[in-house]
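Here the structure comes first, spelled out in C-alpha cells, and everything after it is commentary.
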2 protein chains.
Amino acid sequence: MKMEGETVDNKQVIFKGFIDRIPRETDMELKIGKIELKAPKGSGAFLVKNLYLSCDPYMRGRMREYYDSYIPPFVPGQAIQGFGVSKVVDSDDPDFKPGDLVSGLTGWEEFSLMRKHEQLRRIQQDDIPLSYHVGLLGMAGFTAYAGFYEVCSPEIGENVFVSAASGAVGQLVGQLAKLHGCYVVGSAGTSQKVDILKNKLGFDQAFNYKEEPDLNAALKRYFPEGIDIYFDNVGGDMLEAALLNMRIHGRIAVCGMVSSSSLSVSKGIHNLFSLIAKRIRMQGFLQSDYLHLYPRFFENVVSNYKQGKIVYIEDMSEGLESAPAALVGLFSGKNVGRSTGAVVEPL
Amino acid sequence: MKMEGETVDNKQVIFKGFIDRIPRETDMELKIGKIELKAPKGSGAFLVKNLYLSCDPYMRGRMREYYDSYIPPFVPGQAIQGFGVSKVVDSDDPDFKPGDLVSGLTGWEEFSLMRKHEQLRRIQQDDIPLSYHVGLLGMAGFTAYAGFYEVCSPEIGENVFVSAASGAVGQLVGQLAKLHGCYVVGSAGTSQKVDILKNKLGFDQAFNYKEEPDLNAALKRYFPEGIDIYFDNVGGDMLEAALLNMRIHGRIAVCGMVSSSSLSVSKGIHNLFSLIAKRIRMQGFLQSDYLHLYPRFFENVVSNYKQGKIVYIEDMSEGLESAPAALVGLFSGKNVGRSTGAVVEPL
C-alpha cells in the first residue's frame, strides 16, 4: 500500500526524440523516476495513479517536430502523453479528492500530476468496464459518434463503408450505422478481424483489403449501387477506390490517414475529380470540436451498451512495459479493436 | 433574309471522336450541312438560330468516352453541344414562338432543333448584353453564385482565395465575395489578367501563379492569417498549396480541376491530411443542383450589374470557325474572362 506523501518509484515511457516515419519501439524507452505522492500546495493540480492508458493513431503526429497542428508534439525526454483512466491519490484542486476516478489526457507513467483540462471527465463507476472510459466512452468512441452523426449526415437505408472497421473508432461507427438503419460494410486487414466484424459487431459485410488485388472492384462488389457514406480511417488507396464508388451527394468523413499518413512524404490522392462529378462533401473533423455533444453521446452509448445493442472489443496489453509495442502495433495492423496500451498495477 | 421553311446551309462544328487528353482544334471539324428552317409538326421542338455559344472547361469531360459522369459524352460525328443564346425561328412548342430569345443547351451550329429542357430559359431583352445570358447570367455566373453562397458558407470579413480568378466563374466569385465583405485574392496566369483582377474586378490582391516558384510561399504572403474559403477552379499544385494555408474550419469549394484535370492519368493530390488537422470541408458541386435558386441569383446579379457593382469581362471570338480555337484556348490559359466561343451572324 502506497502512502500519500511517500516518495516512490515512477515507471515511465519516455519519448526519445522526433521522428518522421512510422514509430518503432526504440523511439520510446522505459525509465524509473521518483515521485512524491503529493500534489504541491498552491499548484491547483492533483496527483493520479494511472490505471488504463490508450494507444491511438493520432499519437504518431505528436512524434513529429511540427508545431502547427491541432495538438503540440510530445516533449523529447518526457513521458508520452495520452488519454487514460486514472485515480486521484492527492489533490490541491477542491473539485477532486483522493479516490475520485477521472478520464482525460495523462502521462504514460505510473503516477502523473494532472490539471483540469477540456477533456477531463469524472467517472461515475457502475457496471461499465473502467477501461471503456478511454475507448468506447472516450476519445475513440466520441470520434465515431461525432463523425457519424455530425459529419456524415446519415439517412436511414443509406450505404455506409468504414475502413479500419475493427479499430477503436471504426467498430462503433459500424454499430451506430446499423442502429441507424444503414447497410454497413467494413474493411480490415486480417481474416480474424473480418470475422469479428461480421459475427460480433453486426456489420452486414466485411472484407480483408489485403486479399483484394483491386479495391475498386471490391467496393463495386459490396456496393453495386454505390456508397453514400465513407467513414475514412485510412486515406491512401482505399480513399481513391472509395471516391470512384461514391454515389451522388455522398459524404466522406475524413477521420484518419493511417495508411499514407500524409505526414511527411506520401502518395498523392487520385480521383478527386469525383468530388465534382458526384457532388461529394469530404470533411475532416476532430472530436474536440463537438464536446458540447458529449453528454448526449454518453447517454446514447451507455444506454445501447446496457441493452446489449452495442459491444466493444478491446485489445489490452498489461504493464507499461508493453505500451511501446502496443503503439507500434497500431501501424502494422496487429491490434484488433481498441488498443488499450497498458494496464498499470492498480493502487 | 432566311424564310421559314426554306432549306439552307447549316455550318456546324463536328465532334470528331473521343480523346483522353487536352483538346486540340483538330478534334473538331467545320462542316456545312443542310437544314429546313422548320420545326417538324408533332415534334414538340422548336428551331433556333444560335446567336452566342459558350466555351466552358467542363466540355473537355464530354470529349472522353466515359458514360458514368453527370453528363453524357458528345456524340462523334455530331455537332458539339453547349450553352448558347438562341432565337426561335419556327416552333412546334406552344410555349415558344418565332422571335423568342432563349438560353440553354444547344448545338455548335448556325441552326438547331431544340426542345424544352431543365436549364432552358426565356430571355426578356433589356439593357443587359444578350451574350451575358450564357456568361454572367448563365451557367458560369450561376456556378459562381451557387458555389460561393451555398457551398462556401461565407462570413463577413473572411479571407477568400479564388484560382483561375479571371475566368468565367472566378471573376464573379471574387466580386460576390467583395460585395459580401470578404478579403479576396485571385490567381491567374498572365500579368494582364492580374491587372484586370486588381483594377477592373476589384480583387484586393492578385498574383500570376506562373511567376511564383513556391505557391505555398505565395499564399502565405497573401494570407498571413490563412484562407477561410478557397474557391478551387484548377486543382493540382494550387490545391495542394491551398490545403497547407487553410485556416481551421476552412471550406474548399471544388468547382474545377482544369490543371490536372484528373480525368485520366493525373497527379495525385498531397496534403489532404490538412483536412483533418484543420477540420476542412471540401465539397464538389454542380450548379444544376441549385436551379431552384436561379431566380434569386438572377435578381441579385442583374440588380448589382445595373448599379455598376458587378462588371463582367468576356473574351469573344467571331464566327463558328473560331469556336474550336476558343475551346482549346481555355486549357492553355489564352482567354481572359469568359470565353464566348462564337458569334454566329444574326438573322
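Remember, it's a predicted structure, so these values are computed and weren't measured experimentally. Below, read A as the first sequence line, B as the second, and so on, with proteins coming before strands; counting in each chain starts at 1.
Atom CG of A/Leu275 sits about 10.0 Å away from atom CD1 of B/Ile269, to the nearest 0.5 Å. Rounded to the nearest 0.5 Å, atoms CZ (B/Arg281) and CZ (A/Arg251) are 13.5 Å apart. Atom-to-atom distance recorded for A/Asp289:CG and B/His249:NE2 is 3.5 Å, nearest 0.5 angstrom. For the atom pair CE (B/Met282) and CG (A/Leu272), the distance works out to 5.0 Å, reported to the nearest 0.5 Å.
For the pair A/Arg279 and B/Tyr70, the minimum side-chain heavy-atom distance is below 4.5 Å.
Both the backbone and the side chain of A/Leu286 have a heavy atom closer than 4.5 Å to some heavy atom of chain B.
Across B/Ile71, B/Val254, B/Val151, the residue that shares the most heavy-atom pairs under 4.5 angstrom with chain A is B/Val254.
Within a 6.0 Å radius of CZ in A/Arg221, other residues, nucleotides and ligands contribute more than 12 heavy atoms.
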